[in-house]
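Have a look at the structure below before the remarks.
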Number of protein chains: 2
Amino acid sequence: MTRAAGAPGSPPTGRARLADVAALAGVSVGTASKALSGAGRMRPETRQRVLDAVATLGFRPNQHAQSLHTGRSWTVGLMTTDGIGRFSTPVLLGAEDALGAGKISVLLCDTRGDAIREQHHLRNLMDRRVDGIIVTGRRTDARPPLTGISGLESIPVVYALSPSTDPADTSVVSDDEGGAQLAVDHLLSTGRTRIAHVTGPEHHAAARDRAHHAVDHLRATGLDLSTERVHFGEWSEAWGRRAADAVLRTAPDTDAFFCGNDQIARGVADALREKGVGVPGDIAVVGYDNWDTMALASRPPLTTIDMNLAEIGRIAALRLLEAIEGADATPGARPVPCRLVVREST
Amino acid sequence: MTRAAGAPGSPPTGRARLADVAALAGVSVGTASKALSGAGRMRPETRQRVLDAVATLGFRPNQHAQSLHTGRSWTVGLMTTDGIGRFSTPVLLGAEDALGAGKISVLLCDTRGDAIREQHHLRNLMDRRVDGIIVTGRRTDARPPLTGISGLESIPVVYALSPSTDPADTSVVSDDEGGAQLAVDHLLSTGRTRIAHVTGPEHHAAARDRAHHAVDHLRATGLDLSTERVHFGEWSEAWGRRAADAVLRTAPDTDAFFCGNDQIARGVADALREKGVGVPGDIAVVGYDNWDTMALASRPPLTTIDMNLAEIGRIAALRLLEAIEGADATPGARPVPCRLVVREST
DNA sequence: CGTGTTTGAGCAACCGTTTTCCTGAGCGAG
DNA sequence: CTCGCTCAGGAAAACGGTTGCTCAAACACG
């Protein structure tokens, strides 16, 4: 009881199937398939007949059928742990860009930092037989690796921005050390030597690491922070303003601020301006993140460190692709260099 | 290894198939399928045996096979036209939330405003047989509907935030009229009557519409703008500062600013503070967008209009779901009400 | 002219589920 | 004891491609 096999124009889906193409071209389904895949030898004229039929019918292969057969879905999961924030967004776009260039699509999963939701999405991704997974988050703190779903071991996972706590996993992170050095070197090169460092909460790896590297780098050139300590606080303008006051009180000869992010830097710049201190005339200010709405709106616009987030996403995607193609994953965290963006605050 | 090798012929995919489950439970594949779907009558004991087998093998159905058979992919495309900006992000999350609650996943497509890329993604989505598409953008200006790919007519499309120019399409937009009224009414209710309006470029629908509705609403209560005209400019703090100066020069008795977005409002607030004008003591300021990094960092924190972007995304997703389920799409643009967020600037 | 070698194209077996149809067993009624 | 019903469960046909294998025709060569 074959459904009207010869009847042209009776595809139940409303779209042409390979069988329709084959019928129109006067060949068998198998031959039509070969004509499209380029596999096997065949008379050019036959291939052309098939291609013509494809064009007339507007045929496009059914990906579900293909995936069922090949086991590949040409899809990767993009798991973001904190909504789609200011940090994960560029990463995500970079990844989407690198993947979309091929024929790979991106399944978006937002866990909102909830473990239950993460499991739910993970199971979903596995059910859809994704070819790989990219995990990204807002913070640079390491996060526990994905677990709990059987089958996970068999597909590659790359962590972007937030590395995995397991060193055997593949991670792509921002080069905090290089970023801190860029900032410090830039300030030194403009003749500043009394540098203060104001940053976010000490329990954030981003704050801790950048501070640590900044201090180390200063020491390597025989200098110390102007206030002899790091000012940990919050990632806010208000903290920047308060910290600026405190710094100038304890070390009035401070001639530069290196700030843990652009919000703090903007707060510092505002406080200085309101005190009548010239930026960059009297004191230079360097931010971090190159968050344009902050850096550009600041008075003066901020010199800042750009983490190249989109590049992190792109590289993560490329490494995932390599892993999918079967190359052995190079484990460990690969740092992506930062970029110094010079504006008017230095 | 919990990998039960009970079935003859190991699964090539490395994961259990329904055939393995059936073998372990001692039933046929068809019966196993029925046990899982709940369809058809069968002895409870048999069903239980199947469920047990499913549990021991950790079986999960292959979605490609299911989709191939049913024609449904349980996937929707999310097409965003401008990267994933400040506006599309919440919309996108709201949609992801509403859809992910079911078993529907989201394919992310970023066109970066490029028509070629849009066609490319569209074709990709159609190849994957998505069940529907949500289109979103940064601006509230109407955009041309999706076209150019055959088969598109057969699946539902919902436009979020940026409506389609075709009134027969389904769109979910922000209620600019209600937003403008909320802002104006709030200012009136705090006793202000000399209101100025500073906003973005006139060629942006968001600026035009809000201005238009604000003026209309004022007129309805017998008032006019303090400067008798709308101040169109840019969506920037710098413009807010400049405009504040200009307004106070032409209409020194202005006692409130309604601003087209939070950046402008912050600029206005800064300019007033630097002039020694009290906010809200002397002049009240209302923003638009409730962009927290702006509204909260402003001094004082801004009263502002929240467009409920996530709600827009959620509603768009729900309407798409309805349409997918076969309900007739209600065409036209459905406005989602805004919310007044009162802080210290009024 | 017979034989061996290409070569182009078709056949059919998958991929993993769903679903329809069918069979056979069990059982109550006459 | 037989007839008809009900119902659990199996067999097999889709869904739409891919691919290894087979087979016949065409060609080269001795």
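Residue numbers begin at 1 in each chain, while the letters A, B, ... track the order of the sequences.
If you take CG on Leu92(B) and CG on Leu161(B), they are separated by 11.5 Å, rounding to the nearest 0.5 Å. Going from atom CD of Glu96(A) over to atom CG of Leu107(B) covers 10.0 Å, rounded to the nearest 0.5 Å. Between atom CG of residue Asp20(A) and atom OG1 of residue Thr56(A) there is a gap of 11.5 Å, rounded to the nearest 0.5 Å.
Summarising the geometry, the separation between CZ on Arg43(B) and P on dA8(D) is reported as 9 Å, rounded to the nearest angstrom. Separating the CE atom of Met42(B) from the P atom of dA25(C) is a distance of 19 Å, rounded to the nearest angstrom. For the pair Arg47(B) CZ and dA8(D) P, the computed distance is 10 Å after rounding to whole Å. Taking atom CZ of Arg129(A) as the reference point, atom C1' of dC15(C) lies 11 Å away to the nearest angstrom. As a whole-Å value, the separation of Asp127(A) CG from dT17(C) C1' is 14 Å. Residue Asp20(A) contributes atom CG, which lies 11 Å from atom P of dC15(D) at whole-angstrom precision. The CZ atom of Arg128(B) sits 23 Å away from the P atom of dC15(D) (whole-angstrom rounding). The nearest whole Å value for the distance from the CZ atom in Arg17(A) to the P atom in dA14(D) is 11 Å.
Not a single donor-acceptor pair, N or O on each side, falls under 3.5 Å between the base of dT17(C) and the side chain of His69(B). With hydrogens and angles ignored, no donor-acceptor pair under 3.5 angstrom links the side chain of Lys34(A) to the base of dG17(D).
Closest to the side chain of Ser33(A), from the set dT17(C), dT18(D), dA11(D), is dT18(D).
Every residue two or more places apart in sequence or in another chain that forms a salt bridge (Lys or Arg N to Asp or Glu O under 4.0 Å) with Asp141(A) is listed here: Arg139(A).
Heavy atoms of Thr46(B) sit under 4.0 angstrom from primed sugar atoms or phosphate atoms, though from no base atom.
Closest heavy-atom contact between Ala32(B) and Leu18(B): CB-CD1, 3.7 Å. Shown here for Val27(A) and Arg49(A), the closest heavy-atom pair between the two residues is CG1-NH2, 3.6 Å.
Axis angle, first five pairs versus last five pairs of the helix from dC1(C)-dG30(D) to dG30(C)-dC1(D): 60°, rounded to 10°.
Between Gly30(A) and Arg41(A), the residue anchored nearer the 5' end of DNA chain C, judged by the nucleotide with its closest heavy atom, is Arg41(A). Checking Leu68(A) against Thr31(A), the closest nucleotide of DNA chain D that is more toward the 5' end is the one next to Leu68(A).
A salt bridge is defined here as a Lys NZ or Arg NE, NH1 or NH2 lying under 4.0 Å from an Asp or Glu carboxylate O, and Arg143(B) with Glu118(B) meets this definition.
Applying the 4.0 Å criterion to OP1 and OP2 of dG16(D), one finds that Gln66(A) has every side-chain N and O outside that range.
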